[in-house]
K.L.:
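Take a look at the following structure, please.
Index from 1, following the sequence. Every value quoted in this text rests on a predicted model; they were computed, and no experiment measured them.
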Amino acid sequence: MLGLVPARGGSLRIPDKNLAELGGRTLVQTALKTCTAARRLSAVALSSDDKRILGEGANVDGVICLRRPAELSTPTATSHAAVMHALAEVERTGHRRFDAVALVQCSSPFTLPADVDATIEVLERNDAGSAFSVMRLEHAYHPEKVRILAGERLVPYADVLEPRAAHEVDALWINNGSVYVTRRETLEAGSLASPDLCGYVMPPERSLDINAPRDLEFARFLHDRHPDSYRRRHDSRPGSP
């Protein structure tokens, strides 16, 4: 199992997002430490086109730093292409052939090593092609409550005039952007997501995905409330004191 942190240098909404600091650590360093503390990863790699980001990886023991080609580092480049490049490069250096890849995102700084391990275990327990971390969709964003604004008129997105109460509708789940685990066969078929896809449930407090400046501000607010707990959780393997 290869743990891979993808971290290109460009960011449209937050300049140098992956180098932004949270609690004295960059987001990329936090993601790498999460991976190196996980029990189920055989190796950890960092994929980036940015020298500064690769320098962050060089400061974390056990991380394989991979320079990503420019054509795989554009805003339109796919995560799948970056994963396939990383697999080939790591194996070219002498590692054995990997059976699967666990993609861990820098933009989800509250992901724990235990979350990475648990997503892998969901994949294996169900003999699935892929397993992604998910969070429960808040009832306020349920499709029955979503509207299209046509001029100034609100038109139901779903064919429902009166939304039902939370206890009357099925729970819905969405990717939280933290961990994506995919088997080799699925990757070689051209996708991160297998038709046989499983989900590992993460709580809302660990599901923050940093995509805009206010997300980063909120992450710093949450960290500052419990800084010791945050650092201890990411520096320790699951089950350690």
K.L.:
Check for me, please, whether L66 and Y180 land in the same ILVMFWY cluster - side-chain distances under 4.5 Å, paths through other members count.
P.N.:
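Yes, same cluster.
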K.L.:
Do M202 and L112 have side-chain heavy atoms sitting under 4.5 Å apart?
P.N.:
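Result no, sub-4.5 Å side-chain heavy-atom pair not found.
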K.L.:
Roughly how far, to the nearest 0.5 Å, is CZ of R125 from OH of Y200?
P.N.:
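Atom-to-atom, Y200:OH and R125:CZ are 10.5 Å apart.
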K.L.:
Rounded to the nearest 0.5 Å, how far does CG of L32 lie from SG of C65?
P.N.:
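Atom-to-atom, C65:SG and L32:CG are 7.5 Å apart.
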K.L.:
Verify salt bridge (Lys or Arg N to Asp or Glu O under 4.0 Å) between D99 and R183, making sure each step is shown before the conclusion.
P.N.:
CA-CA 6 Å; D99 300 313; R183 291 190 188 274; over 6 Å; no
K.L.:
Could you tell me whether D61 and K33 make a salt bridge, using a distance below 4.0 angstrom between a side-chain N and a carboxylate O?
P.N.:
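Result for this pair is no, no salt bridge flagged.
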K.L.:
When rounded to the nearest 0.5 angstrom, what distance separates CG in L54 from NZ in K51?
P.N.:
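Result: 10.0 Å between the selected atoms.
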K.L.:
Does R97 reach the main-chain N or O of E91 with its side chain, forming a donor-acceptor pair under 3.5 Å?
P.N.:
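Not confirmed, R97 side chain does not pair with E91 backbone.
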K.L.:
How far apart are the closest heavy atoms of L41 and C35, and which atoms are they?
P.N.:
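For L41 and C35, the tightest heavy-atom pair comes out as CD1-O, 3.5 Å.
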K.L.:
Can you name the residues that form a side-chain contact (heavy atoms from CB on, under 4.5 Å) with P69, not counting sequence neighbours?
P.N.:
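Applying side-chain contact (heavy atoms from CB on, under 4.5 Å) to P69 gives E71, L72, H85.
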K.L.:
Could you note down all residue pairs passing ring pair (Phe, Tyr, Trp, His ring centres under 6.0 Å) where residues 29-76 supplies at least one of them, sequence neighbours left out?
P.N.:
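Counting only pairs at least two positions apart or across chains, no ring pair (Phe, Tyr, Trp, His ring centres under 6.0 Å) contact touches residues 29-76.
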K.L.:
Are any non-hydrogen side-chain atoms of V104 and V116 less than 4.5 angstrom apart?
P.N.:
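Yes; the side chains approach each other to less than 4.5 Å.
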K.L.:
Keeping S108 on the side-chain end and G177 on the backbone end, is there a donor-acceptor pair under 3.5 Å?
P.N.:
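Yes.
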K.L.:
Determine whether S47 and V5 make a side-chain contact, defined as any pair of heavy atoms from C-beta on separated by less than 4.5 Å.
P.N.:
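Not in contact.
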K.L.:
Determine whether T119 and R40 make a side-chain contact, defined as any pair of heavy atoms from C-beta on separated by less than 4.5 Å.
P.N.:
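When only atoms from C-beta onward are counted, R40 and T119 do not touch, as no gap falls below 4.5 Å.
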K.L.:
Locate the shortest heavy-atom distance separating A38 from D117; write the atom from each residue and the value.
P.N.:
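Of all heavy-atom pairs spanning A38 and D117, the closest is CB-OD1, 3.4 Å.
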K.L.:
Can you find a heavy atom in the side chain of R39 that is under 4.5 Å from one in the side chain of P113?
P.N.:
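With C-beta onward as the side chain, the pair stays apart.
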K.L.:
Who pairs with A43 by side-chain contact (heavy atoms from CB on, under 4.5 Å), at least two apart in sequence or on another chain?
P.N.:
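A43 satisfies side-chain contact (heavy atoms from CB on, under 4.5 Å) with L2, I64, H95, F98 only.
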K.L.:
Between E21 and R25, does any NZ, NE, NH1 or NH2 come within less than 4.0 Å of an OD or OE carboxylate oxygen?
P.N.:
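No, R25 and E21 are not salt-bridged.
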K.L.:
Can you list everything that forms a side chain to side chain donor-acceptor pair (under 3.5 Å) with R96? Sequence neighbours excluded, please.
P.N.:
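Residues passing side chain to side chain donor-acceptor pair (under 3.5 Å) with R96: none at all.
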K.L.:
Please determine whether residues L197 and V181 belong to a single hydrophobic cluster, defined as Ile, Leu, Val, Met, Phe, Trp and Tyr linked transitively by side-chain heavy-atom distances below 4.5 Å.
P.N.:
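Different clusters: L197 never reaches V181 through Ile, Leu, Val, Met, Phe, Trp or Tyr contacts under 4.5 Å.
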K.L.:
Between V101 and L46, is there shared hydrophobic-cluster membership here, with clusters defined by ILVMFWY side-chain heavy atoms closer than 4.5 Å?
P.N.:
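No; L46 is not reachable from V101 via cluster members.
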K.L.:
If you compare all heavy atoms of R220 against all heavy atoms of A20, which two are closest, and at what distance to 0.1 Å?
P.N.:
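That closest heavy-atom pairing would be NH2-CB, 4.2 Å.
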K.L.:
Do any side-chain atoms of residues 130-137 form donor-acceptor pairs under 3.5 angstrom with protein atoms, and if so which ones, sequence neighbours left out?
P.N.:
unit_1	atom_1	unit_2	atom_2	d
S130	OG	L192	O	2.9
S130	OG	S194	N	2.9
S133	OG	N176	OD1	2.5
S133	OG	V179	N	2.9
S133	OG	V179	O	3.4

K.L.:
If you compare all heavy atoms of A150 against all heavy atoms of V155, which two are closest, and at what distance to 0.1 Å?
P.N.:
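Scanning both residues, the minimum pair turns out to be CB-CG2, 4.1 Å.
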K.L.:
Listed by chain and number, what are the side-chain contact (heavy atoms from CB on, under 4.5 Å) partners of E152, not counting sequence neighbours?
P.N.:
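Here no residue qualifies.
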K.L.:
So does A165 get a backbone contact from the side chain of E168, meaning a donor-acceptor N/O pair under 3.5 Å?
P.N.:
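Yes; at least one donor-acceptor contact below 3.5 Å.
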K.L.:
If you look only at pairs with a residue in residues 136-157, which of them pass as a ring pair (Phe, Tyr, Trp, His ring centres under 6.0 Å), with sequence neighbours excluded?
P.N.:
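Pairs touching residues 136-157 that pass the test: none.
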K.L.:
Using side-chain heavy atoms (C-beta onward) and a distance below 4.5 Å, is V63 in contact with T36?
P.N.:
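With C-beta onward as the side chain, the pair touches.
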K.L.:
Could you tell me which non-hydrogen atom of D196 sits nearest to which non-hydrogen atom of A128, and how far apart they are?
P.N.:
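In terms of heavy atoms, the two residues are closest at OD2-CA, 3.3 Å.
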K.L.:
For L123, does its backbone N or O pair with a side-chain atom of N126 as donor and acceptor, under 3.5 Å?
P.N.:
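The answer is no, because no donor-acceptor pair under 3.5 Å joins these two groups.
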K.L.:
Roughly how far apart are L4 CG and L103 CG, rounded to 0.5 Å?
P.N.:
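L4 atom CG to L103 atom CG measures 5.5 Å (nearest 0.5 Å).
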K.L.:
Decide whether S48 and R68 meet the rule of one side-chain donor and one side-chain acceptor closer than 3.5 Å.
P.N.:
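The criterion, which ignores hydrogens and geometry beyond distance, is not satisfied for R68 and S48.
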K.L.:
Are the side chain of D49 and the backbone of S73 linked by a donor-acceptor contact shorter than 3.5 Å?
P.N.:
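Side chain of D49 to backbone of S73, a donor-acceptor pair under 3.5 Å: no, none is there.
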K.L.:
Got a sec, which residues hit side chain to side chain donor-acceptor pair (under 3.5 Å) with E89, two or more places apart in sequence or on another chain?
P.N.:
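Testing E89 for side chain to side chain donor-acceptor pair (under 3.5 Å), a comparison that skips the adjacent residues, returns R92.
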K.L.:
Can you find a heavy atom in the side chain of I120 that is under 4.5 Å from one in the side chain of E124?
P.N.:
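Heavy-atom side-chain distance check passes, below 4.5 Å.
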K.L.:
Could you list the residues that satisfy side chain to side chain donor-acceptor pair (under 3.5 Å) with N211, not counting sequence neighbours?
P.N.:
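Per chain and number, N211 pairs via side chain to side chain donor-acceptor pair (under 3.5 Å) with D209.
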K.L.:
Which pairs count as ring pair (Phe, Tyr, Trp, His ring centres under 6.0 Å) when at least one residue sits in residues 32-65, sequence neighbours excluded?
P.N.:
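As it turns out, there is no ring pair (Phe, Tyr, Trp, His ring centres under 6.0 Å) pair with a partner in residues 32-65 once direct neighbours are skipped.
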K.L.:
Tell me, which pairs form a salt bridge (Lys or Arg N to Asp or Glu O under 4.0 Å) where one or both residues lie in residues 6-19, sequence neighbours left out?
P.N.:
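Salt bridge (Lys or Arg N to Asp or Glu O under 4.0 Å) check on residues 6-19 returns D16-R52.
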K.L.:
Can you give me the closest heavy-atom contact between L187 and H80, atom names plus distance?
P.N.:
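Minimum heavy-atom contact is O-NE2, 2.8 Å.
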K.L.:
So, using side chain to side chain donor-acceptor pair (under 3.5 Å) as the criterion, who are the partners of E56 when residues are at least two apart?
P.N.:
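Result, side chain to side chain donor-acceptor pair (under 3.5 Å) vs E56: T26.
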K.L.:
Hey, could you give me the CG/CD1 distance between L19 and I53, rounded to the nearest 0.5 Å?
P.N.:
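So the gap between those two atoms works out to 4.5 Å.
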K.L.:
In terms of hydrophobic clustering (I, L, V, M, F, W, Y; side-chain heavy atoms under 4.5 Å; direct or indirect links), are W173 and V122 co-clustered?
P.N.:
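The answer is no; the residues belong to distinct hydrophobic clusters.
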K.L.:
Are any side-chain N or O atoms of T186 and backbone N or O atoms of T182, one a donor and one an acceptor, separated by less than 3.5 Å?
P.N.:
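Absent.
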K.L.:
Roughly how far, to the nearest 0.5 Å, is the OG atom of S178 from the CG atom of L208?
P.N.:
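Taking CG in L208 and OG in S178, the distance rounds to 9.0 Å.
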K.L.:
So, does D224 use its side chain to make a donor-acceptor pair with the main chain of F221 at under 3.5 Å?
P.N.:
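Checked: no pair found.
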